[in-house]
Amino acid sequence: MTKTLNGIAASDGIAVAPAYLLVEPDLSFTKSSISDIDSEVARYKQAIADSTTEVENIRDVAKKTLGEEESQVFEAHLMILNDPEFTGAIENEIKDQKVNAEAALDETAQKFISIFESMTDNPYMQERAADVRDVSKRIMAHLLGKTLPNPASIDHEVVVVAHDLTPSDTAQLNKKYVKGFVTDIGGRTAHSAIMARSLELPAVVGTDSITKDVQDGQELIVDGLDGAAIIEPSKEQVIEYKHKGDAFLEQKAEWQKLKNEPSVTADGKKFIIAANIGTPNDMPGVHENGAEAIGLYRTEFLYMNSSDFPTEDAQFEAYKEVIEGMDGKQTIIRTMDIGGDKHLDYWDLPEEMNPFLGVRAIRLSLQNEDIFRTQLRALLRASAYGPLGIMFPMIGTLGELRKAKAILNDEKDKLIKDGVKVGDDLQVGMMIEVPAAAMLADQFAKEVDFFSIGTNDLIQYTLAADRGNDSLSYLYQPYNPSVLRLIKHTIDGAHENGIWVGMCGEAAGDEIMFPILLSMGLDEYSMSATSILRIRSLMKKLNTADLKELANQACFVSETADDNEKLVKDFMAKLEK
């Protein structure tokens, strides 16, 4: 029976395809004694064989879709499945204790995990604990007759359905087969939604119950334009939404005509519209949508898509590829923003009561200097291949900024001393996403070459509302006068001290926010590549002289975010007449 769920439109477009549930199965079991030991051992060995075949298939798909390096984690899993010390210990547990295979697997795996985790003097061996967990979960699933989802193994057209998608899940989605996704929770600023826009995948998030309401293989419509998911649609609905999708594609084709046009206002003022990316794989979208720069390269995905810390050379090659691919246009690369909702299986970070207010981004880098220095060396080496801006995230104090700059300069001096070329036009900047930094923008501006405003975090910290909490989604208010005052204060502080300022948060590509930002004099607008041509089209309709008072009204006259939304809509309506 047809059922429609409403959610949040997270990424534009329409998709129609069978549902693929990316949901962890229940792997609970009951420990029991057995009498037929041979039969139980045979059942266990079959689970090992099935797991091995499955991992081999996943590895082969991962090599094709993700690359050789990212598939190495599955080679590690195969080594464990073929390790007689591990598999033999489970078999002996079945025989000696006369227990079912599930109990023997669980007990043995926990022993191995504890041993690896205790090797605090050997980080490599410590990280193997995560591999044992993954392999044990796979074997357990086969013993229980359950299927583990794996986004990297998808080999046919689907709409992915999940409670939530982690950034690493989203990074594994193969656009060739995954046509869109729908989740129970999340908002427009969740990292999965941001990645969906980078991949140009229609997405609807925050439906509350999609994982309960849809079954694997059921036909599903994703309306990423209006935020709806339709389960088991009628033939008429499928036709209707295919027409709607075609109309959207026609609009995109119109915008595409602006691909090679400069970003200018109706009165000839030029600005920069740039793209946000997560990996070098996003570069085709950057070029197809006519980006004039890379305003944000999120380097954490290099770490998240790897089974271990990426080496200096691996990072250098990834940064160099993007910088050279921009052919002389500037690339802004943010140092890793790990923490908050972004985790690494191989980095055993302490649990925190409130990770968004904890050790994340620059705080984590400064507490782990060896990892930070490796990244900075790779960035400095890459700067020889084109205009580069290195950007520090989550800066809250001048002390943090100065320490980060000192480490950067130290590594730069070492490289130059060793005869390694470093770019002549390297710029150093920082994110403005902590309200304390926004308030002291005039002071910070004396220490850097540029600012980039990260509205996703600035909004959540200003309004004290976790951006991943569905029940607080009403507090994601980019148009709130308090947020706009901080943004204006930042832009004014930057310009007074002779530096340029961009924005790389999602608000830069928001059609309501954009006229306000233009009125404030923001220099660069960085967004998901798919938003670039739509915003360039909007820019061409706007005259900066007409916008002169918009920022002051939005910041100092309006009382609420709703007031500001109405303010811009009324302004645009007059413009259309």
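Heads up: numbering here begins at 1 and tracks the sequence.
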Do Y461 and M394 touch side chain to side chain, with heavy atoms closer than 4.5 Å? yes
Would V205 and F181 count as a side chain to side chain contact (heavy atoms under 4.5 Å, CB included) here? Give the steps. CA-CA 8 Å; V205 300; F181 68 76; 4.1 Å; yes
Are any of the side-chain heavy atoms of E219 and I230 separated by less than 4.5 Å? no
What is the distance from atom CD1 of I432 to atom OG1 of T455, rounded to the nearest 0.5 Å? 12.5 Å
Do the side chains of D131 and H77 get nearer than 4.5 Å, heavy atoms only? yes
Give a yes or no on whether Q215 atom CD has more than 12 heavy-atom contacts from other residues, nucleotides or ligands under 6.0 Å away. no
What do the steps show when you test L5 against D208 for side chain to side chain contact (heavy atoms under 4.5 Å, CB included), and what is the final call? CA-CA 9 Å; L5 299 178; D208 293 332; over 6 Å; no
Determine the sole option in V160, D223, L220 for which the side chain to side chain contact (heavy atoms under 4.5 Å, CB included) test with V182 is passed. L220
Could you check whether any side-chain N or O of T183 sits under 3.5 Å from a backbone N or O of A162, counting only pairs where one atom can act as donor and the other as acceptor? no
Presence of salt bridge, K569 and E565, under 4.0 angstrom: yes
Quick one: does D83's side chain have a donor or acceptor within less than 3.5 Å of a partner on M79's backbone? no
Donor-acceptor pair, Q218 side chain versus E232 backbone, under 3.5 Å? no
Side chains of S33 and V99: does their closest heavy-atom pair fall under 4.5 Å? no
Does some side-chain heavy atom of I277 sit less than 4.5 Å from a side-chain heavy atom of L296? no
Ion pair K3/D213, N-O distance below 4.0 Å: yes
Could you walk me through whether R534 and S531 pass side-chain hydrogen bond (donor to acceptor under 3.5 Å, both in side chains), step by step? CA-CA 5 Å; R534 173 171 50 83; S531 298; 3.0 Å; yes
Does R138 pair with E54 as a salt bridge, N-O distance under 4.0 Å? yes
Do the non-hydrogen side-chain atoms of Y177 and Y20 ever get within less than 4.5 Å of each other? no
With side chain to side chain contact (heavy atoms under 4.5 Å, CB included) as the test, pick out the partner of Q477 among L463, T462, N564. L463
If you measure from NZ on K137 to CE on M140, what distance do you get to the nearest 0.5 Å? 11.5 Å
Verify the neighbour count for atom NZ of K146: are there more than 12 heavy atoms of other residues, nucleotides or ligands below 6.0 Å? yes
From K244 NZ over to I221 CD1, what is the distance, rounded to the nearest 0.5 angstrom? 10.0 Å
Can you check whether S526 reaches M503 side chain to side chain, under 4.5 Å on heavy atoms? no
For the residue pair W347 and F309, is the inter-centroid distance of their aromatic rings smaller than 6.0 Å? yes
With H163 as reference, evaluate I210, V23, I185 under the side chain to side chain contact (heavy atoms under 4.5 Å, CB included) test and give the passing residue. I185
What distance do L144 atom CG and L27 atom CG have between them, rounded to the nearest 0.5 Å? 6.0 Å
Are any of the side-chain nitrogens in K252 or D12 under 4.0 Å away from the carboxylate oxygens of its partner? no
For a side chain to side chain contact (heavy atoms under 4.5 Å, CB included) check, start with the C-alpha distance between D466 and Q460, then their side-chain angles and the critical distance, and finish with the verdict. CA-CA 6 Å; D466 181 352; Q460 81 164 342; 3.9 Å; yes
Assess the residue pair T560 and D562 against the criterion (side-chain hydrogen bond (donor to acceptor under 3.5 Å, both in side chains)); give the C-alpha distance rounded to whole Å, side-chain angles, the decisive distance to 0.1 Å, and a yes or no. CA-CA 5 Å; T560 68; D562 289 342; 5.0 Å; no
Test: R360 and E300 ion pair at under 4.0 Å: no
Listed by chain and number, what are the side-chain contact (heavy atoms from CB on, under 4.5 Å) partners of K176, not counting sequence neighbours? N174
Quick check against the 3.5 Å criterion: does N100 have a side-chain atom that pairs as donor or acceptor with the backbone of S32? yes
Just verifying a value: how many Å separate M431 CE and D457 CG, rounded to the nearest 0.5 Å? 7.0 Å
A side-chain contact here means heavy atoms from C-beta on lying under 4.5 Å apart; do T299 and I333 qualify? yes
With sequence neighbours left out, write down each residue that passes ring pair (Phe, Tyr, Trp, His ring centres under 6.0 Å) with Y525, or none if nothing qualifies. F514
Treating D26 as the side-chain partner and S28 as the backbone partner, does any N or O pair qualify as donor plus acceptor under 3.5 Å? yes
As an exercise, state the distance from CD of E102 to CD1 of I94, rounded to the nearest 0.5 Å. 8.5 Å
Report yes or no: does S118 contribute a side-chain atom to a donor-acceptor pair with the main-chain N or O of I115 at less than 3.5 Å? yes
Within the distance-only criterion (no hydrogens, no angle test), does the side chain of Y346 pair as donor or acceptor with the backbone N or O of Y303 below 3.5 angstrom? yes
Modelled atom types, side-chain donor and acceptor of S528 and N276, under 3.5 Å: no
The criterion is ring pair (Phe, Tyr, Trp, His ring centres under 6.0 Å); which residues satisfy it with F112, sequence neighbours excluded? F86
One pair to check against side chain to side chain contact (heavy atoms under 4.5 Å, CB included): S452 and I332. What are the steps and the verdict? CA-CA 9 Å; S452 186; I332 304 295; 5.7 Å; no
Using atom types as modelled and distance alone, determine if a side-chain donor or acceptor of Q237 lies under 3.5 Å from a backbone N or O of S234. yes
